[in-house]
There are 2 protein chains.
Amino acid sequence: MNNKEKLRNAGLRPTKQRMIIANILLNGVNRHFTAENLQNEINSSGNSMSIATIYNCLKKFRNCGLIKQVESSKETAIFDTNINQHHHFLDEETGELIDIENEEINLFKLPEIPKGYMNSGVEVLIKLKRQI
Amino acid sequence: MNNKEKLRNAGLRPTKQRMIIANILLNGVNRHFTAENLQNEINSSGNSMSIATIYNCLKKFRNCGLIKQVESSKETAIFDTNINQHHHFLDEETGELIDIENEEINLFKLPEIPKGYMNSGVEVLIKLKRQI
DNA sequence: TTTTTACTTTAAAATCGTTCTAAACTACTT
DNA sequence: AAGTAGTTTAGAACGATTTTAAAGTAAAAA
Ligand SMILES: [Mn+2]
Ligand SMILES: [Mn+2]
Ligand SMILES: [Zn+2]
Ligand SMILES: [Zn+2]
């Protein structure tokens, strides 16, 4: 499925701006990025886009499940093109995230889900320190 | 150990402001909170404190390990008085966090830690949706 | 104890990431 | 082609956090 179809499937009009972003993000190579990272990539690809549009697109893409937003205590929002359930290493010093595929972790025992709720995803974060 | 000693042990001067915050946070009852939550508690305890001081204190407390900061994609920083390794349920709709004690989860298989790094903490987040 | 020093608090300003506004533009429908 | 609903944009606004710099306080030195 090409990017135009992906956008249409998600219920999004394939505008020029959304296609530029889709072509950068949805090329099969997964990455973690901020809105500013993406704007820099857009600029170096010879295009340009308002930061408001970038935020609008990222929010739409996220809400449609085309990308995810990472849980992070950094002040800047971090997005992720890997939409499969997966886990992360976090280098606490640099903030760098590294994907851990779902099969690499096995959760043996899980707590009971609170009454009235259902499990909607489990994420494991392994924090890393430089070895001494 | 009383709060004054805890601050001294952490290498922090037990100032009036830090003692007010320590008395609210380090009373044995764990909680998740924002800087603004804390300022409201300070105000309702009959005290008052500059928001800059509250942020200064929280950062010092965090860096000394007296409190933790939660990994969260909310725009406002969330702190946690539970400094033991533990996990969380997250109600994605409300943002509410519920502690899961460490023993309630068993990680059977863990991936290999990247070369040059050491594991400095594992956190599991279980996202919750309202049951349909 | 007094003096000195380093650290802390504060209000206010600044900064930063993100969202809003409202006008111009564009994609889709009829 | 005309209508309409959705989108983009620059710039303003916003909310969270940090910085500034001056005044205050705690600990150390004398
Ligand atoms: Mn955050
Ligand atoms: Mn922010
Ligand atoms: Zn990832
Ligand atoms: Zn907690």
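Chain letters run A, B, ... following the sequence lines, proteins first and then strands; every chain starts at 1.
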Residues forming a ring pair (Phe, Tyr, Trp, His ring centres under 6.0 Å) with B:Y117, sequence neighbours excluded: none
All ring pair (Phe, Tyr, Trp, His ring centres under 6.0 Å) counterparts of A:F89, not counting sequence neighbours: none
Other than [X], what residues sit in its cluster of Ile, Leu, Val, Met, Phe, Trp and Tyr side chains whose heavy atoms are under 4.5 Å apart, directly or through others?
{"X": "B:F108", "value": "A:F108"}
{"X": "B:I83", "value": "none"}
{"X": "A:I132", "value": "B:M118"}

Rounded interatomic separation in angstrom, taking [atom1] from [X] and [atom2] from [N]:
{"X": "B:I54", "N": "D:dA16", "atom1": "CD1", "atom2": "C1'", "result": "13 Å"}
{"X": "A:M19", "N": "C:dA27", "atom1": "CE", "atom2": "C1'", "result": "14 Å"}
{"X": "A:I20", "N": "D:dT7", "atom1": "CD1", "atom2": "P", "result": "16 Å"}
{"X": "A:K4", "N": "C:dC28", "atom1": "NZ", "atom2": "C1'", "result": "12 Å"}
{"X": "A:I51", "N": "C:dT19", "atom1": "CD1", "atom2": "C1'", "result": "12 Å"}
{"X": "A:I21", "N": "D:dT7", "atom1": "CD1", "atom2": "P", "result": "13 Å"}
{"X": "A:K59", "N": "D:dG6", "atom1": "NZ", "atom2": "P", "result": "17 Å"}

Would you classify [X] as touching base, sugar-phosphate or nothing, given that sugar-phosphate means primed atoms plus P, OP1 and OP2, and contacts are heavy atoms under 4.0 Å?
{"X": "A:K74", "answer": "nothing"}
{"X": "B:K60", "answer": "sugar-phosphate"}
{"X": "A:T53", "answer": "base"}

Side chain to side chain donor-acceptor pair (under 3.5 Å) pairs, two or more places apart, involving residues 3-18 of chain A: A:N3-A:N23
Residues, nucleotides or ligands: over 12 heavy atoms within 6.0 Å of A:Q131 CD: yes
Residue whose closest nucleotide on DNA chain D lies nearer the 5' end, A:N56 versus B:A77: A:N56
Along DNA chain C (nearest heavy atom to each residue), the more 5'-positioned of A:E36 and A:A52: A:E36
Within residues 5-18 of chain B: residues closer than 4.0 Å to DNA chain C (heavy atoms): B:R13, B:T15, B:Q17, B:R18
Side-chain donor/acceptor pairs under 3.5 Å, residues 66-73 of chain A, sequence neighbours excluded:
from: A:K68; atom 1: NZ; to: A:N84; atom 2: O; distance (Å): 3.2
from: A:Q69; atom 1: OE1; to: A:R62; atom 2: NE; distance (Å): 3.1
from: A:E71; atom 1: OE1; to: B:S73; atom 2: N; distance (Å): 3.0
from: A:E71; atom 1: OE2; to: B:S73; atom 2: OG; distance (Å): 3.3
from: A:S72; atom 1: OG; to: A:K74; atom 2: N; distance (Å): 3.0
from: A:S73; atom 1: OG; to: B:E71; atom 2: OE2; distance (Å): 3.3

Those residues that, when tested against B:S120, pass side-chain contact (heavy atoms from CB on, under 4.5 Å) (two or more places apart): A:E92, A:K127, A:K129
Neighbours of DNA chain D within residues 38-46 of chain A, by heavy-atom distance under 4.0 Å: none
For DNA chain D, the residues among residues 61-70 of chain A that have a non-hydrogen atom under 4.0 Å from it: none
Listed partners of B:K60 passing salt bridge (Lys or Arg N to Asp or Glu O under 4.0 Å), at least two apart: none
Close side-chain approach of B:T76 and B:E36, heavy atoms under 4.5 Å: no
N/O donor-acceptor pair under 3.5 Å between A:D91 side chain and A:E93 backbone: yes
Among D:dT9, D:dA16, C:dT19, the one nearest A:S50 by side-chain distance: D:dT9
